[in-house]
Protein chains: 2
Amino acid sequence: MIGRKRRKAKVQPLYQQVATQLRQGIESGHYPVGGPLPTEAMLCADLNISRHTARDALRLLEEAGYVSRRRGVGTYVLSNRPKRAYVQSLGSLDDLLHYAHDTRYEIEGVRRFSAAASDLALLQGKAGDRWIKLTGRRYQLLSDRPFSITVIYLPIRFESALDEIRDHRGAIYALIEERFNVPIARASQELQAVTLSAEEATLLDAKPGDAAMRAIRRYYDTDGKLVEVSWNLYLGRLFTHSSWVDRENRL
Amino acid sequence: MIGRKRRKAKVQPLYQQVATQLRQGIESGHYPVGGPLPTEAMLCADLNISRHTARDALRLLEEAGYVSRRRGVGTYVLSNRPKRAYVQSLGSLDDLLHYAHDTRYEIEGVRRFSAAASDLALLQGKAGDRWIKLTGRRYQLLSDRPFSITVIYLPIRFESALDEIRDHRGAIYALIEERFNVPIARASQELQAVTLSAEEATLLDAKPGDAAMRAIRRYYDTDGKLVEVSWNLYLGRLFTHSSWVDRENRL
DNA sequence: TTCTATTTGTCCGTATGTATC
DNA sequence: TGATACATACGGACAAATAGA
């Protein structure tokens, strides 16, 4: 035999075929959002399949976020676009931030202030909100060389944690989370490539114009209230951000 | 003994009871991480339940990330604690890559080559693997100003797509996905801040030493095989990477 | 309120296919 | 090749939730 291997045509399992058919019906508008899907019994009869097969198909659609199912009511279309096609799973926030655990934060300045209009792009509250601003650098435990300039903004209500923050090892958000019992429910991060100013270069023991990564992170509690904002500057050659996502639904 | 008959008092469904029992067995160490769980047949016999019930229980554990199931192999313990504390949900890979949809890729060079040992850090295969290397720049549709230098590496088996790639609008991985019917199951991205060399600056209509973001992306199919590697360079002031995660389990 | 029809949820039985060792 | 283990698919029965008469 020449060239390519003969390959048995792989047929999709029946319940996946049914799911695909229904999904296409949803996406095409044949089953409008908010409307009902055929009942299990109708699918069995129309497609000449068993109830198990129909249920497995509907389960796929439910897991993918297309439909909701309620006993006694039926199956209804929730959305004509998949809830999420790809998902990144993390064991902790540190995994997102690629956070070096064995570091210490040295505070070099503390200031209380009221947010001005120009601060709102970073701090996202209202003008006049009271904040604490901590400026400092982060060091690896066994090194005298700083690897980041870090500015931390905390709402004034966390003022009483200031003493504990000094020379705290690890992440500040974790300290706040524990000290005030406010679970972090969401975190965001913005990364941008920049070059170092003369002042920044001095602080990082580098040269002006060197590449650096600026990271702005925001932490929110379960009510969506901002718990912490951090502004960080890393030397480019010392900082790589890697992330990945997996496809979640095979529909 | 599991509560078999349903009484007036609300009892958990049987398959959930079985799942709970197995989960506790995992968390207690009775089923160690990496070890096997009882097979479906054993569960049926030991607990005097049907295969469906056993499968439903195991499905719950799989969806929760406790176990992996492989036909012909068995059910094995993946983790003794809930899968993921934080999750990032994306509708598409474009959302991860912050991909500008209205762009075109202009190819300025095509080369076929065999991977050398020095290429393996980027291409991750074996030395000697055959690749196609496309060099070019990406433009916004209505602009003559390039916004990225993009080098794309494709396994030689996708050679026949070369013609379609030329001047293709949008992402190359989507083209490959459709053209060869290889769904992208996973994608990874590495970001690092760098400064532009003289040559790069010329290509991007910028100045040498300007800040730039280097993005290396890899796309894998369902078998974990590498489908595409792309190497990109963006002007720092034109590129911000933002991401967020949500806590998934409220415990 | 009560009753009934409808719809999904749970549970069982059985058979065959497919991947792996 | 055979044995094992999960995947798919058929069948039936009853329970629980809901909506409407």
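Below, chain A is the first sequence line, B the second, and so on; all start at residue 1.
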Does [X] make a side-chain N or O approach to OP1 or OP2 of [N] shorter than 4.0 Å?
X	N	answer
Q12(A)	dT8(D)	no
Q16(B)	dT10(C)	yes
R69(B)	dA7(D)	yes

Enumerate all atom pairs, one protein N or O and one N or O from nucleotides 2-5 of chain D, separated by less than 3.5 Å.
| unit_1 | atom_1 | unit_2 | atom_2 | d |
| --- | --- | --- | --- | --- |
| dA5(D) | N3 | G72(B) | N | 3.3 |

Using whole Å, report how far [atom1] of [X] lies from [atom2] of [N].
X	N	atom1	atom2	value
L47(A)	dA9(D)	CG	C1'	14 Å
R59(B)	dT8(D)	CZ	C1'	14 Å
L58(B)	dC6(D)	CG	P	7 Å
D56(A)	dT8(C)	CG	C1'	14 Å
L37(A)	dT7(C)	CG	P	13 Å
R55(B)	dT14(C)	CZ	P	17 Å

According to salt bridge (Lys or Arg N to Asp or Glu O under 4.0 Å), does anything in residues 171-189 of chain A pair up with another residue at least two apart or in another chain? List the pairs.
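Qualifying pairs: E164(A)-R179(A), E177(A)-R247(B), R186(A)-D246(B).
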
Rounded at 0.5 Å granularity, tell me how far OG in S230(A) sits from CZ in R218(A).
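Going from the OG atom of S230(A) to the CZ atom of R218(A) covers 9.5 Å.
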
Between N232(B) and T150(B), is any side-chain donor less than 3.5 angstrom from a side-chain acceptor?
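The criterion, which ignores hydrogens and geometry beyond distance, is satisfied for T150(B) and N232(B).
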
Scan side-chain atoms only and decide if Y220(B) and Q124(B) contain a donor-acceptor pair under the 3.5 Å cut-off.
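Note: Y220(B) and Q124(B) side chains meet the donor-acceptor criterion.
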
List for me each residue that meets ring pair (Phe, Tyr, Trp, His ring centres under 6.0 Å) alongside Y15(B), sequence neighbours excluded, and say none if there are none.
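Partners of Y15(B) by the ring pair (Phe, Tyr, Trp, His ring centres under 6.0 Å) criterion come out as none, since no residue qualifies.
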
Ring pair (Phe, Tyr, Trp, His ring centres under 6.0 Å) partners for F180(A), two or more places apart
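For F180(A) the ring pair (Phe, Tyr, Trp, His ring centres under 6.0 Å) partners, ignoring immediate neighbours, are F158(A).
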
Contact check, side chains of Q140(A) and F147(A), non-hydrogen atoms, under 4.5 Å
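Side chain of Q140(A) against side chain of F147(A), heavy atoms only: contact under 4.5 Å found.
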
side-chain contact (heavy atoms from CB on, under 4.5 Å) involving R55(A) - partner list, sequence neighbours excluded
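For R55(A), the residues satisfying side-chain contact (heavy atoms from CB on, under 4.5 Å) (neighbours in sequence not counted) are E40(A), R51(A), R69(A).
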
Heavy-atom pair with the smallest gap, counting every atom of L226(A) and R157(A)
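Scanning both residues, the minimum pair turns out to be O-NH2, 3.7 Å.
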
Table of protein N/O atoms under 3.5 Å from nucleotides 10-13 of chain D N/O atoms:
| unit_1 | atom_1 | unit_2 | atom_2 | d |
| --- | --- | --- | --- | --- |
| dC10(D) | OP2 | S50(A) | N | 3.1 |
| dC10(D) | OP2 | S50(A) | OG | 3.0 |
| dC10(D) | OP2 | T53(A) | OG1 | 2.2 |
| dC10(D) | N4 | H52(A) | NE2 | 3.4 |
| dG11(D) | O6 | H52(A) | NE2 | 2.9 |
| dA13(D) | N6 | R51(A) | NH1 | 3.2 |

